[in-house]
Amino acid sequence: MKKSARAAGFSALLFAACICGGCGKDASAVVTTENTLLMAETEDERESWTETGGDERTDDSAADVGEGSGDVNDAETAGVALAETGDTENETKETDNIVTITISAAGDVTLGNYLGQDYTRSFVQTYEEQGNAYFFQNVLEYFLDDDMTIVNFEGVLTESEEIQEKDFNMKGEPEYVYILTEGSVEAVSFGNNHRLDYLTQGSRDTVDMFEEADIAYAYDNITGIYETKGIRIGFVSVNEASQGVAVEKYLKEGIAKLRDEEEADLVIACCHWGIEGDNYPEDYQKELGHKCIDWGADLVLGAHPHVLQGIEVYEGKFIVYSLGNFCFGANRNPSDKDTMIFRQTFTFVDGVKKEDREVRVIPCSISSVPERNDFCPTPAQDEEYTRILGRINQYSEPFDVIFDEKGWYRKD
């Protein structure tokens, strides 16, 4: 059951959904368990915004250990019209021996400001005016209509003031964790170059909040597990952007641990990698992505460039090189607001995963308005939908991957 600290409004939502007969995620689901910013802001932002040092490839590999457990239970909003799929995505087609699991993945989520950021039109001001439910309201239909939603959590939730000396230190209040639960986010990738912005204390405080809110997390040698419908979904999360090839140990050993010790039925590798602002993966991204699959991952999710990159199918498994920004509080007006939700449905027959490649991309903007970032990611419509989908196909073309007009992966 959900903890009482969750907003009362979501309880009401749950009640309404149950009356209407719709439940997106399994009510019995159980969870266990640190960068330059994307682009320069507009001229009304602080002049200090522009990075001059390039990627922060410093060794921040010191990890604090934490793990947690609890329950998650979410329900579909009453009256929300589910997106047209053009297929049987996430329909309940379970029998005694067939189970389908749909996973939604989105990019960088920073719940808060960077140190010294102006208050006006900031994430903090928006939170104080709008509350928890505002931020994911426009994508909630997708996050409810799946079995697990995972995002890259960039920054920390802490009241600590001790910082790592760097250009941008990003944090939010601990209570912001409930933005995730209101948005039906069950899991976070925490291995990135802002995890230690507020040193070890900031990281520990954030992990404490993930555990309090029953959100599965992973970073470095800490693996995450989320269980739903009797299927155990395991994931690893690493910061290659700062730690380089050292992360291979975390990935290889983490995937093996999830398979052998945690008995995960499905394994996801989350990699913070690549060059900021580049729409095509560098060579080592591709090499490392392939290694993750070879080591046993079923899906690879990438972050850090703050822009979209392409999608590859390698040995029948998908590698999403960059999901871009999503709910990104650290930039009030990035020049590139395009993003997406990546969804994949896995089918298990008698507990064995089938290779059916049921994948769809949902083109989105990080903002509900074009002139600035209002921190409310929104599915694209009409010409914007077509334009963003075209970019995804363009960046995926080197891998011979294409998505049709409804965003579905074309297997032919």
Side-chain angles (χ1 to χ4, degrees), residues 10 24 37-39 41 74 77 80-83 102-113 121-127 129-146 148-155 170 172 176-189 192 215 301-309 320 322-343 360-389 391-392 407:
F10 197 70
L37 300 174
L38 161 61
M39 300 288 189
E41 292 191 347
D74 290 296
T77 310
V80 170
L82 298 181
T102 296
I103 294 176
S104 298
D108 295 343
V109 169
T110 298
L111 305 183
N113 295 355
R121 295 191 290 108
S122 68
F123 185 96
V124 172
Q125 181 186 39
T126 304
Y127 175 83
E129 293 176 352
Q130 301 290 342
N132 288 331
Y134 163 81
F135 298 94
F136 292 107
Q137 61 180 324
N138 291 343
V139 293
L140 191 58
E141 61 181 284
Y142 295 105
F143 290 179
L144 286 170
D145 181 41
D146 64 18
M148 187 183 88
T149 303
I150 183 168
V151 302
N152 178 55
F153 194 87
E154 194 156 32
M170 306 193 303
Y176 293 0
V177 74
Y178 296 108
I179 295 171
L180 299 176
T181 55
E182 285 279 5
S184 193
V185 174
E186 286 79 31
V188 294
S189 166
N192 58 68
I215 294 171
L301 301 174
H304 183 64
H306 296 290
V307 294
L308 293 172
Q309 293 185 346
V320 186
S322 177
L323 287 155
N325 289 329
F326 200 65
C327 183
F328 194 63
N331 192 333
R332 295 181 293 179
N333 196 17
S335 59
D336 189 340
K337 299 180 180 65
D338 295 349
T339 189
M340 67 177 168
I341 300 169
F342 173 91
R343 287 164 66 90
R360 187 186 184 201
V361 295
I362 315 296
C364 298
S365 172
I366 67 170
S367 176
S368 69
V369 296
E371 66 272 13
R372 64 183 179 88
N373 185 6
D374 66 358
F375 319 113
C376 187
T378 301
Q381 301 293 328
D382 304 324
E383 292 86 356
E384 280 296 283
Y385 174 96
T386 301
R387 182 185 64 79
I388 298 170
L389 180 61
R391 291 187 71 187
I392 296 169

Nearest heavy atoms of Ser322 and Val307, plus distance in Å |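 Smallest heavy-atom distance, with atoms named: OG-O, 2.6 Å.
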
Which atom pair, heavy atoms only, marks the closest approach of Pro377 to Asn138?
->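 Minimum heavy-atom separation between Pro377 and Asn138: O-CB, 3.4 Å.
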
Would you please test Tyr176 and Val124 for side chain to side chain contact (heavy atoms under 4.5 Å, CB included) and show each step?
-> CA-CA 10 Å; Tyr176 293 0; Val124 172; 3.7 Å; yes

Is a side-chain donor or acceptor of Ser122 paired with a backbone partner of Gln125 at a separation under 3.5 angstrom?
->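 Such a contact is found between Ser122 side chain and Gln125 backbone.
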
For the pair Ser104 and Met148, evaluate side chain to side chain contact (heavy atoms under 4.5 Å, CB included) and give the outcome as yes or no after the intermediate values.
-> CA-CA 6 Å; Ser104 298; Met148 187 183 88; over 6 Å; no

Give a yes-or-no answer on whether the side chains of [X] and [Y] include a donor-acceptor pair shorter than 3.5 Å.
{"X": "Thr102", "Y": "Asp146", "answer": "no"}
{"X": "His306", "Y": "Asp108", "answer": "yes"}
{"X": "Asn325", "Y": "Thr339", "answer": "no"}

Do the side chains of [Y] and [X] get nearer than 4.5 Å, heavy atoms only?
{"X": "Val109", "Y": "Asn152", "result": "no"}
{"X": "Tyr142", "Y": "Arg343", "result": "yes"}
{"X": "Val361", "Y": "Ile341", "result": "no"}

Full working for side chain to side chain contact (heavy atoms under 4.5 Å, CB included) between Ile150 and Leu301 | CA-CA 10 Å; Ile150 183 168; Leu301 301 174; 3.9 Å; yes

Are Phe375 and Phe123 close enough that their ring centers fall under 6.0 Å?
->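 Close enough - the centres of the two rings lie under 6.0 Å apart.
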
Would Asp374 and Arg121 satisfy salt bridge (charged side-chain N to carboxylate O under 4.0 Å, His left out), going step by step from the backbone distance to the final call?
-> CA-CA 8 Å; Asp374 66 358; Arg121 295 191 290 108; over 6 Å; no

After noting the C-alpha distance and the side-chain angles of Arg391 and Asp336, does the key distance pass the salt bridge (charged side-chain N to carboxylate O under 4.0 Å, His left out) rule?
-> CA-CA 12 Å; Arg391 291 187 71 187; Asp336 189 340; 3.1 Å; yes

Could you go step by step and tell me if Leu111 and Tyr127 meet the side chain to side chain contact (heavy atoms under 4.5 Å, CB included) rule?
-> CA-CA 9 Å; Leu111 305 183; Tyr127 175 83; over 6 Å; no

